[in-house]
Amino acid sequence: MPELPEVEVVRRGLERWVSGRTIASAEVLHPRAVRRNAGELADQLKGREIRSAERRGKYLWLPLGDEGVEPGGPEGEAGEALLAHLGMSGQLLVIEPDAPLEKHLRVRIGFADGGPDLRFVDQRTFGHLLVAPLTAPEPPSRGGRVRPVPEPVAHIAPDPFEDVFDDAEFAARLRRRHTGIKRALLDQSLISGVGNIYADEALWRARLHWARPTESLPTKKITELLAAARAVMSEALNEGGTSFDSLYVNVNGESGYFDRSLAVYGRRDEPCRRCGTPIRREAFMNRSSYSCPRCQPRPRDARP
DNA sequence: CGTCCTACCTGGAGGC
DNA sequence: TGCCTCCAGGTAGGAC
């Protein structure tokens, strides 16, 4: 399941293997992979150069050069980008054009240099690719230069590794919520990049139960939680980043990413690494939450 | 508006 | 062996 660290590994791979290259063709093999862009993707991409690879939270995008497009047009001020969300099972593969087609290949992008394809493979089809205009982010961050983001990303909050992420503002907004802390962590309009796995891991490190009401969290605890989230995600990134040096952009959360370092996620009935108490699994939002019953006791005023 | 819930989708695992 | 059910979960969109 790609969350921030996995998506960042992919971003680095794309920056290395596809930025600076010009797209020759794009073929859509499954309409769901491009949402409403169905027939247009090929036309939108043909002849355009990929300038770089950017990311906010779990979204990543490739800003496109204006080749073939009237420069300085009224709408093209900030340009466009090929936006990608990997969903649950999405992979972006950089792979030789003559390699056999993957079973769940959804979009195939070929390049003018005849080099490796960029292939979007996605078994569960929750991910998608889309060409979108770049625009200013929705809640205008004060001060400094504002980095344009694709339109569908405008309402997404900065992730905790961005310079524009404001810890104090996050704490204030968090306390204004009337919900449980894990719901808030998964709310991409409050903080982006955190998914079910790293939410559980960060909460365990900060010794917080997932149902703890946000409005009663002391600033100190919020600071601790943010530090835990940053630590667990950067550790995961360091592990994922090391295996990345082939002509292959790996996003598959299943195979060998960070598994050894997980403290609670998927460890039902196994001993807590801090106190030895068996890890519990609880139903939460139609999925699972893992926690230590002793280190993370359920609060009396728990939120659903 | 804020908060919560469900649908979307596929294939592997486990029960019988 | 095959059929069934459960499970994984990010996000859009709708209910309240």
Side-chain angles (χ1 to χ4, degrees), chain A residues 1-8 10 28-38 55-61 83-92 102-107 120-130 132 138-139 149-157 159 172-203 210-217 229 233 236 251-255 257-259 262 264-269 280-290 301-304:
Chain A
M1 279 55 77
E3 300 180 29
L4 188 153
E6 293 75 34
V7 178
E8 174 60 15
V10 176
V28 177
L29 292 94
H30 193 304
R32 219 179 113 80
V34 292
R35 302 289 156 90
R36 53 184 174 280
N37 259 40
R55 182 187 58 74
R56 162 165 284 186
K58 302 169 202 170
Y59 286 86
L60 60 88
W61 64 92
L83 174 67
H85 194 291
L86 302 173
M88 285 186 59
S89 54
Q91 290 175 285
L92 283 165
E102 293 76 7
K103 183 177 180 190
H104 300 295
L105 179 63
R106 306 306 186 199
V107 181
F120 182 58
V121 176
D122 187 16
Q123 182 215 120
R124 275 172 261 192
T125 70
F126 279 20
H128 61 273
L129 296 186
L130 187 68
E138 199 40 68
V149 300
E151 218 163 64
V153 181
H155 69 288
I156 299 295
D159 69 56
R173 290 186 64 199
L174 188 68
R175 261 195 304 258
R176 265 181 258 132
R177 293 288 174 101
H178 302 276
T179 189
I181 182 60
K182 186 169 173 182
R183 292 188 109 98
L185 275 183
L186 296 178
D187 184 342
Q188 305 295 300
S189 67
L190 190 60
I191 178 173
S192 66
V194 182
N196 199 42
I197 297 174
Y198 296 115
D200 278 2
E201 293 299 311
L203 289 168
W210 54 265
R212 175 72 185 267
T214 48
E215 58 265 51
S216 70
L217 279 173
M233 289 195 290
V251 213
N252 190 342
E254 261 114 49
S255 60
Y257 87 116
F258 203 54
D259 278 4
L262 294 177
V264 282
Y265 183 83
R267 296 192 62 239
R268 179 185 202 163
D269 295 335
R280 73 184 151 196
R281 175 193 176 276
E282 294 169 284
F284 168 80
M285 288 171 79
N286 275 329
R287 54 210 58 179
S288 299
S289 260
Y290 297 91
D301 53 353
R303 296 248 173 197

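Bear in mind that the values here come from a model prediction, so they are computed numbers and not experimental data. By convention in this document, chain letters (A, B, ...) are assigned in the order of the sequence lines, proteins followed by strands, and residues within each chain are numbered from 1.
- For the atom pair Leu186(A) CG and Tyr198(A) OH, the distance stands at 14.0 Å (nearest 0.5 Å).
- Nearest to the side chain of Met88(A), among dA12(C), dA8(C), dC4(B), sits dA8(C).
- Taking the side chain of His178(A) as heavy atoms from C-beta on, and the options dT3(B), dT6(B), dC4(B), the nearest nucleotide is dT3(B).
- At whole-Å resolution of the value, CD in Glu215(A) and P in dG2(B) are 15 Å apart.
- In this structure, the nucleotide among dG11(B), dC7(C), dT3(B) sitting nearest to the side chain of Arg177(A) is dT3(B).
- Annotation: the span from Arg267(A) atom CZ to Glu201(A) atom CD amounts to 9.0 Å, rounded to 0.5 Å.
- Put simply, the side chain of Glu3(A) gets close to the backbone of Gly195(A): a donor and an acceptor are under 3.5 Å apart.
- For the pair Phe284(A) CZ and dC4(B) C1', the interatomic distance rounds to 11 Å; values are reported in whole Å.
- Of the possible polar contacts, none joining the Ser192(A) side chain to the Ile156(A) backbone as a donor-acceptor pair under 3.5 Å is found.
- In this structure, Ile156(A) places its CD1 atom 7 Å from P of dT11(C), rounding to the nearest Å.
- Taking atom NE2 on His104(A) and atom P on dG12(B), their separation rounds to 8 Å, with Å as the unit.
- When the side-chain nitrogen and oxygen atoms of Thr179(A) are compared with OP1 and OP2 of dC4(B), one or more of them lie within a distance under 4.0 Å.
- The side chain of Glu3(A) lies closest to dG10(C), out of dG11(B), dG10(C), dT11(C).
- Heavy atoms of Ser288(A) sit under 4.0 angstrom from primed sugar atoms or phosphate atoms, though from no base atom.
- At whole-Å resolution of the value, CE in Met285(A) and P in dA7(B) are 14 Å apart.
- Between Trp61(A) atom CH2 and Leu129(A) atom CG the span is 15.0 Å, to the nearest 0.5 Å.
- For His85(A) and dG10(C), the shortest distance from a side-chain N or O to OP1 or OP2 is not below 4.0 Å.
- Listed nucleotides dG10(C), dT11(C), dG11(B) differ in distance to Gln188(A); the shortest reach to its side chain belongs to dT11(C).
- Picking from dA8(C), dA12(C), dG10(C) the nucleotide with the shortest atom distance to the side chain of Tyr290(A) gives dA8(C).
- Listed candidates were dT11(C), dA12(C), dC5(B). Nearest to the side chain of Arg183(A) is dC5(B).
- When rounded to the nearest whole Å, the span between CZ of Arg32(A) and C1' of dG10(C) equals 11 Å.
- Side-chain atoms of Arg32(A) come within 3.5 Å of backbone atoms of Thr125(A) as a donor-acceptor pair (strictly under, hydrogens ignored).
- Side-chain to base pairing of Arg287(A) with dG10(C): one donor and one acceptor N or O lie within less than 3.5 Å of each other.
- Closest to the Tyr59(A) side chain, of the nucleotides dC9(B), dG11(B), dA12(C), is dA12(C).
- Atom C1' of nucleotide dG10(C) and atom CG of Asp159(A) are separated by 16 Å, given to the nearest angstrom.
- Within 4.0 Å (heavy atoms only), Arg303(A) reaches no atom of the nucleic acid at all.
- Rounding to whole angstrom units, CG of residue Leu186(A) and P of dA8(C) are separated by 14 Å.
- Closest to the side chain of Arg124(A), out of dT11(C), dA8(C), dG11(B), is dA8(C).
- For Asn286(A), whose side chain is taken as the heavy atoms from C-beta onward, the closest listed nucleotide among dT11(C), dT10(B), dT6(B) is dT6(B).
- The phosphate of dT11(C) has OP1 or OP2 within less than 4.0 Å of a side-chain N or O from Lys58(A).
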